[in-house]
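Submitted below is the structure of interest, expressed as structure tokens.
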Amino acid sequence: MAHTWKVQIDLFNAGEVRSDEPLTTAHATLTTSAGTTLNGHGRARRNPGDPDVPEIGEELAAARALRDLADRLLRASSDDISALEHHRVHLAR
């Protein structure tokens with residue numbers, strides 16, 4: 001039986017997170033078919049001397065949020081296996 005997991009990425013610019021820096025933040029939320037949720041966070045800060053291309057900051061912040069989410073999912077999997085095996089398990093990236 002197939003299962004569908006959904007990932008939502010919310011992006012925020014500096015004005016939305018009350019920052020004077022040229023900052024973009026991302027919040028990624030994974031929801032499994034069982035209703036479990038995991039969250040990841042990422043941010044990107046534009047060098048003031050660089051051109052203002054919002055899509056680049058959004059891509060970078062989203063990529064970092066997804067990487068954080070992936071790391072958290074690996075830790076959750078490791079914890080679940082450890083509970084079943086009754087010893088600490090470390091999963092490689």
Side-chain angles (χ1 to χ4, degrees):
M1 173 185 229
H3 298 276
T4 301
W5 288 13
K6 297 184 180 187
V7 175
Q8 178 174 322
I9 302 173
D10 296 306
L11 299 162
F12 305 92
N13 65 34
E16 295 167 323
V17 293
R18 297 182 182 161
S19 173
D20 294 332
E21 293 184 71
L23 181 70
T24 301
T25 61
H27 177 218
T29 303
L30 167 70
T31 305
T32 70
S33 54
T36 301
T37 60
L38 285 173
N39 297 292
H41 304 276
R43 53 187 276 163
R45 188 183 62 79
R46 181 178 56 85
N47 183 320
D50 289 344
D52 187 8
V53 183
E55 186 176 11
I56 294 172
E58 291 172 353
E59 291 169 346
L60 185 53
R64 289 175 173 161
L66 289 170
R67 177 180 286 161
D68 183 43
L69 179 61
D71 289 342
R72 292 171 189 260
L73 185 56
L74 277 172
R75 279 194 300 275
S77 298
S78 175
D79 291 346
D80 290 346
I81 293 169
S82 294
L84 290 172
E85 297 291 325
H86 304 293
H87 62 84
R88 191 75 189 126
V89 173
H90 175 75
L91 299 176
R93 285 181 144 197

*Could you pull out all residues at least two apart from R72 that satisfy salt bridge (charged side-chain N to carboxylate O under 4.0 Å, His left out)?*
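R72: salt bridge (charged side-chain N to carboxylate O under 4.0 Å, His left out) contacts with D68.
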
*Looking at D79 and R88, does any basic side-chain N land under 4.0 Å from a carboxylate oxygen?*
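A salt bridge is present here (some side-chain N lies under 4.0 Å from a carboxylate O).
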
_Heavy-atom closest contact (A28 atom, A65 atom, distance)_ =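 Reported closest heavy-atom pair: CB-CB, 4.0 Å.
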
_Given T31, L30, T32, the one that forms side chain to side chain contact (heavy atoms under 4.5 Å, CB included) with T37_ =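 With T37 as partner, T31, L30, T32 yield a single side chain to side chain contact (heavy atoms under 4.5 Å, CB included), made by T31.
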
*asked:* Does D50 form a side-chain contact (heavy atoms from CB on, under 4.5 Å) with I56? I'd like the steps, not just the answer.
replied: CA-CA 11 Å; D50 289 344; I56 294 172; over 6 Å; no

*For R75, does the CZ atom sit with more than 12 other heavy atoms under 6.0 Å from it, leaving out its own atoms?*
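More than 12 within 6.0 Å, yes.
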
*Any donor-acceptor N/O pair, S82 side chain to V89 backbone, under 3.5 Å*: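 Checked: pair present.
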
*asked:* Let me confirm one number: the CG-CZ distance from L23 to R46, rounded to the nearest 0.5 Å.
replied: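 If we round to the nearest 0.5 Å, L23:CG and R46:CZ are 11.0 Å apart.
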
*Is it true that L91 and L73 fall in one hydrophobic cluster, defined by side-chain heavy atoms closer than 4.5 Å?*
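No, L91 and L73 fall in different hydrophobic clusters.
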
*Would you say L11 and L66 are hydrophobically clustered, going by side-chain heavy atoms of ILVMFWY under 4.5 Å?*
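Result: yes, single cluster for both.
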
*With side chains defined as the heavy atoms from C-beta onward, is the minimum distance between N13 and P54 less than 4.5 Å?*
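A side-chain contact under 4.5 Å is absent here.
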
*Take atom CZ in R43; do more than 12 heavy atoms of anything else shown fall under 6.0 Å from it?*
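Atom CZ in R43 is not crowded, with 12 or fewer foreign heavy atoms closer than 6.0 Å.
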
*Are the side chain of S78 and the backbone N or O of L74 linked by a donor-acceptor pair below 3.5 Å?*
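Side chain of S78 to backbone of L74, a donor-acceptor pair under 3.5 Å: no, none is there.
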
*Can you name the one residue among T25, T24, I9 that meets side chain to side chain contact (heavy atoms under 4.5 Å, CB included) with E58?*
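The single option meeting the side chain to side chain contact (heavy atoms under 4.5 Å, CB included) with E58 is T24.
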
*How many angstroms lie between NE2 in H90 and CD1 in I81, if you round to the nearest 0.5 Å?*
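If I round to the nearest 0.5 Å, the distance is 11.5 Å.
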
